[in-house]
Amino acid sequence: NTYRVYWETDAAGLAQRLRKESEKWWNADRLKKAWALGLSPREVVTLASIVQEETAQVSEAPTVAGLYLNRLKKKMLLQADPTLKYALSDWSIQRLLDEDKKVDSPYNTYRNPGLPPGPIRIPETVYIEAVLNFEKHNYLYMCAKPDGSGRHAFATNYSAHKRNANAYRNWLNQRHIYR
């Protein structure tokens, strides 16, 4: 959120203000929802940061959040491309390669189970709400749609996901996007 602070506010005062605002935002209802997910508020924020980097389509965020929660529940690797870009320190990558998945980082969710150790960005509150009010479904896989919309094709099984991924890969190839 945005807060009005004055130039004479020192670091301790700012920290106190942010702590107060966080405590106000994490009310009993939101805390209850986080705990029902088996997540702490920090973990909710971490997941929300991944969801926001995954999709700029706010309407799709609860679906993406539900997918990642399904993967966590099944003890599957998250395999979240945004965490890999974060681990590589390169947000400009349009196409991740298998070689990228070998990077040694606690943020590499292709190698490390569970959530990474912290957020990969400061998520907007709408994405935190998307995690707390996730869409219930059976999706385990997603891939960007091959239409440049920024939306995703979701799948409940790996064979359907492979079809979606092949369509997207072909779309990238047609546009000569190799990195």
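Numbers here are sequence positions counted from 1. Keep in mind that what you see is a predicted model, and the values were worked out from it rather than measured.
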Please give me the minimum heavy-atom distance between [X] and [Y], naming the atom from each residue.
{"X": "Tyr107", "Y": "Ala87", "answer": "CB-CB, 4.1 Å"}
{"X": "Thr46", "Y": "Pro119", "answer": "OG1-N, 3.3 Å"}
{"X": "Asn164", "Y": "Ala155", "answer": "ND2-CB, 4.0 Å"}
{"X": "Ala153", "Y": "Lys145", "answer": "N-CG, 3.6 Å"}
{"X": "Ala65", "Y": "Ala130", "answer": "CB-O, 3.7 Å"}

In Å, rounded to the nearest 0.5 Å, how long is the span from [atom1] of [X] to [atom2] of [Y]?
{"X": "Trp35", "Y": "Leu37", "atom1": "CH2", "atom2": "CG", "value": "12.5 Å"}
{"X": "Leu84", "Y": "Leu96", "atom1": "CG", "atom2": "CG", "value": "5.0 Å"}
{"X": "Asp10", "Y": "Gln16", "atom1": "CG", "atom2": "CD", "value": "9.0 Å"}
{"X": "Met142", "Y": "Leu140", "atom1": "CE", "atom2": "CG", "value": "11.0 Å"}

Indicate whether the side chain of [X] and that of [Y] have a donor and an acceptor atom separated by less than 3.5 Å.
{"X": "His152", "Y": "Gln57", "value": "no"}
{"X": "Asn108", "Y": "Lys101", "value": "no"}
{"X": "Tyr68", "Y": "Glu54", "value": "yes"}
{"X": "Tyr110", "Y": "Asp81", "value": "yes"}

Parallel, tilted or perpendicular: rings of His137 and Phe154 (30°, 60°):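 Ring orientation of Phe154 relative to His137: tilted.
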Parallel, tilted or perpendicular, as decided by the 30° and 60° cut-offs, for the rings of Trp171 and Tyr168: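 Tyr168 vs Trp171 ring planes: parallel.
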Is there a side-chain contact between [X] and [Y], using heavy atoms and a 4.5 Å cut-off?
{"X": "Tyr141", "Y": "Lys162", "answer": "no"}
{"X": "Leu31", "Y": "Pro41", "answer": "yes"}
{"X": "Thr83", "Y": "Ile50", "answer": "yes"}
{"X": "Arg19", "Y": "Glu23", "answer": "yes"}
{"X": "Lys75", "Y": "Pro113", "answer": "no"}
{"X": "Ser59", "Y": "Arg151", "answer": "yes"}
{"X": "Ile128", "Y": "Gln52", "answer": "no"}
{"X": "Arg71", "Y": "Gln79", "answer": "yes"}

By side-chain contact (heavy atoms from CB on, under 4.5 Å) - contacts of [X] (at least two apart):
{"X": "Asn166", "value": "Arg169"}
{"X": "Arg30", "value": "Trp25, Trp26, Asn27, Glu129, Leu132"}
{"X": "Leu72", "value": "Leu69, Leu78, Leu115"}
{"X": "Leu14", "value": "Val5, Thr9, Leu18"}

Pair Asp100 + Arg95: basic N to acidic O under 4.0 Å: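 No.
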Can [Y] be reached from [X] by stepping across I, L, V, M, F, W or Y side chains whose heavy atoms are under 4.5 Å apart?
{"X": "Val58", "Y": "Leu47", "answer": "yes"}
{"X": "Leu88", "Y": "Ile177", "answer": "no"}
{"X": "Tyr139", "Y": "Tyr158", "answer": "no"}
{"X": "Met76", "Y": "Leu39", "answer": "no"}

Pairs involving residues 103-119, ordered by first then second residue, that meet salt bridge (Lys or Arg N to Asp or Glu O under 4.0 Å) (sequence neighbours left out):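 Of all non-adjacent pairs touching residues 103-119, none passes salt bridge (Lys or Arg N to Asp or Glu O under 4.0 Å).
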Pairs flagged by salt bridge (Lys or Arg N to Asp or Glu O under 4.0 Å) wherever residues 55-65 is involved - sequence neighbours left out: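 Matches after skipping sequence neighbours: none remain.
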Cation over ring face, Lys136 and Phe134, 6.0 Å, 45°: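 Satisfied, under 6.0 Å and within 45°.
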Ser49 side chain to Ile120 backbone, donor-acceptor under 3.5 Å: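 Yes, because the side chain of Ser49 sits within donor-acceptor range (under 3.5 Å) of the backbone of Ile120.
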Main-chain N/O of Pro117 paired to Arg42 side chain as donor or acceptor, under 3.5 Å: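 Pair found, side chain donor or acceptor close to backbone of Pro117.
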Residues, nucleotides or ligands: over 12 heavy atoms within 6.0 Å of Asn170 CG: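 Buried by this count: over 12 neighbours within 6.0 Å.
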CD/Gln174: more than 12 non-hydrogen atoms of other groups inside 6.0 Å: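 More than 12 within 6.0 Å, yes.
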